[in-house]
Amino acid sequence: MLTNTYIHIPNIGTTTERRIWDCGIKCWEDYVENHNMIKLPRTKKRLLLSGVEESIEQLSSGNHKYFARRLPMNMQWRAYRHFKEKTAYVDIETTGLSCQNDRITMIGIYNGNETKTFVRGIDLDKAPAELGKYKQIITFNGARFDLPFIEYEFPGTFDQIHIDLMYPLKKIGYSGGLKKIESMLGLRRSDETAGITGLDAVRLWKRYERGNSEALETLIKYNTEDVVNLEKIIRITHPWMIERELKVSKKS
DNA sequence: TATTGTACGTAGCAGATTTC
DNA sequence: GAAATCTGCTACGTACAATA
């Protein structure tokens with residue numbers, strides 16, 4: 001989908017992008033070959049062609065920052081497949097909802113193979129370095145919750161593509177919290193964590209602070225299932241997101 | 001419960017091109 | 001050359017909904 005995206009090019013909006021799609025152009029290389037098919041003002045044509053050539057170059061050199069900066073927030077999901085191998089699925093637990101008054105208790109990071117959990121009082125300060133290894137971050141409601149918390153505690157952590165799954169999922173008909181969407185997609189939790197909510201996560205942390213190490217284990221398991229399920233969710237729904245985007249184009 | 005980023009719709013403006 | 005048209009951008013205000 002990224003290689004058939006044009007709205008990251010300055011002065012190109014959704015109207016022009018849809019006109020390109022409607023001509024049957026499937027990717028940037030296709031556009032470079034057939035750009036004369038598209039009837040556009042000369043200046044815009046020049047801009048578009050050089051923007052497409054630059055995009056091809058930037059993608060082949062793996063420059064995620066180029067796309068992170070230029071893609072609108074609600075379109076970053078289009079980059080998913082191209083940076084899939086360098087993706088961190090991220091979820092945090094905190095003591096409450098306010099990033100000014102509450103604290104992060106743990107940060108879970110899953111890379112598609114293994115999960116690392118960084119815990120306050122043990123190794124939480126190592127989380128930013130781990131996050132820095134990735135080109136793409138995937139969260140649920142992270143734009144309003146996880147990233148502001150992390151940025152508040154560790155300023156300058158993020159320069160990656162950020163896919164906040166909440167918005168594209170909503171567009172394809174999956175609204176509600178993460179647990180609800182997991183259940184809609186048939187994803188199951190383990191017996192130990194089934195039914196645990198965010199509020200319970202706060203309680204588990206307090207029990208751990210009072211000396212209950214089992215509570216920490218449960219909290220880590222809960223957080224791990226969150227990040228692992230993020231990967232499952234995008235793997236299932238990403239094709240639907242693409243399908244919906246192209247369908248909207250055909251309708252208009 | 002506090003918080004707040006995002007989507008969405010609308011309006012107005014600017015720039016480029018097309019048409020007459 | 002002037003007017004019309006098209007398109008993108010920006011700035012609002014409002015509503016929503018999810019997080020622990």
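In this structure, A:Thr95 reaches neither bases nor backbone, as no heavy-atom distance under 4.0 Å exists between it and the strands shown. Counting any heavy atom pair closer than 4.0 Å across all strands shown, A:Phe140 reaches sugar-phosphate atoms only and no base atom. Counting any heavy atom pair closer than 4.0 Å across all strands shown, A:Gly142 reaches no nucleic acid atom. Within 4.0 Å (heavy atoms only), A:Thr105 reaches no atom of the nucleic acid at all.
Not counting sequence neighbours, the partners of A:Tyr80 by the ring-ring contact (aromatic ring centres under 6.0 Å, His included) test are A:His238. Every residue two or more places apart in sequence or in another chain was checked for a ring-ring contact (aromatic ring centres under 6.0 Å, His included) with A:His64, and none qualifies. Checked against salt bridge (charged side-chain N to carboxylate O under 4.0 Å, His left out), A:Arg203 has the following partners two or more places apart in sequence or in another chain: A:Asp200. For A:Arg144, the side-chain hydrogen bond (donor to acceptor under 3.5 Å, both in side chains) test picks out A:Asn141, A:Tyr167, with sequence neighbours left out.
DNA chain C lies under 4.0 Å from no heavy atom of any residue of residues 221-232 of chain A.
Of all non-hydrogen atoms in A:Phe83 and A:Leu2, the two that sit nearest each other are CE1-CD2, 4.3 Å.
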Just list the side-chain donor-acceptor pairs under 3.5 Å for residues 103-111 of chain A, sequence neighbours left out, or say none.
residue  : atom : partner  : partner atom : Å
A:Thr105 : OG1  : A:Glu93  : O            : 3.0
A:Tyr110 : OH   : A:Gly112 : O            : 3.0
A:Asn111 : OD1  : A:Asn113 : N            : 2.8
A:Asn111 : OD1  : A:Glu114 : N            : 2.8

If you restrict it to nitrogen or oxygen atoms, what contacts under 3.5 Å exist between nucleotides 3-8 of chain B and the protein, and what is each distance?
residue : atom : partner  : partner atom : Å
B:dG5   : N2   : A:Arg144 : NH1          : 2.4
B:dG5   : N3   : A:Arg144 : NH1          : 3.2
B:dT6   : O4'  : A:Tyr167 : OH           : 3.3

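Annotation: salt bridge (charged side-chain N to carboxylate O under 4.0 Å, His left out) contacts involving residues 169-181 of chain A, sequence neighbours excluded, comprise A:Lys179-A:Asp226. Legend: salt bridge (charged side-chain N to carboxylate O under 4.0 Å, His left out) pairs involving residues 79-90 of chain A, not counting sequence neighbours: none detected. Every pair tested for side chain to side chain donor-acceptor pair (under 3.5 Å) that includes a residue from residues 210-219 of chain A fails, sequence neighbours excluded, so the list is empty.
Taking a pair as Watson-Crick or G-U wobble with both distances under 3.5 Å, the runs of three or more consecutive pairs in DNA chain C are B:1-20 with C:1-20.
In the hydrophobic clustering of this structure, A:Leu185 groups with A:Ile163; members are Ile, Leu, Val, Met, Phe, Trp, Tyr whose side-chain heavy atoms approach within less than 4.5 Å, directly or through other members.
Relative orientation of the A:Trp28 and A:Phe67 rings is parallel, given thresholds of 30° and 60° on the angle between their planes.
Checked by atom type, the side-chain pair A:Glu151/A:Thr157 shows no donor-acceptor distance below 3.5 Å.
Here A:Lys126 does not pair with A:Glu130 in a salt bridge; the nearest charged N to carboxylate O distance is not below 4.0 Å.
Extent of DNA chain C lying under 4.0 Å from chain A heavy atoms, first and last nucleotide in 5' to 3' order, is C:dT7 to C:dA20.
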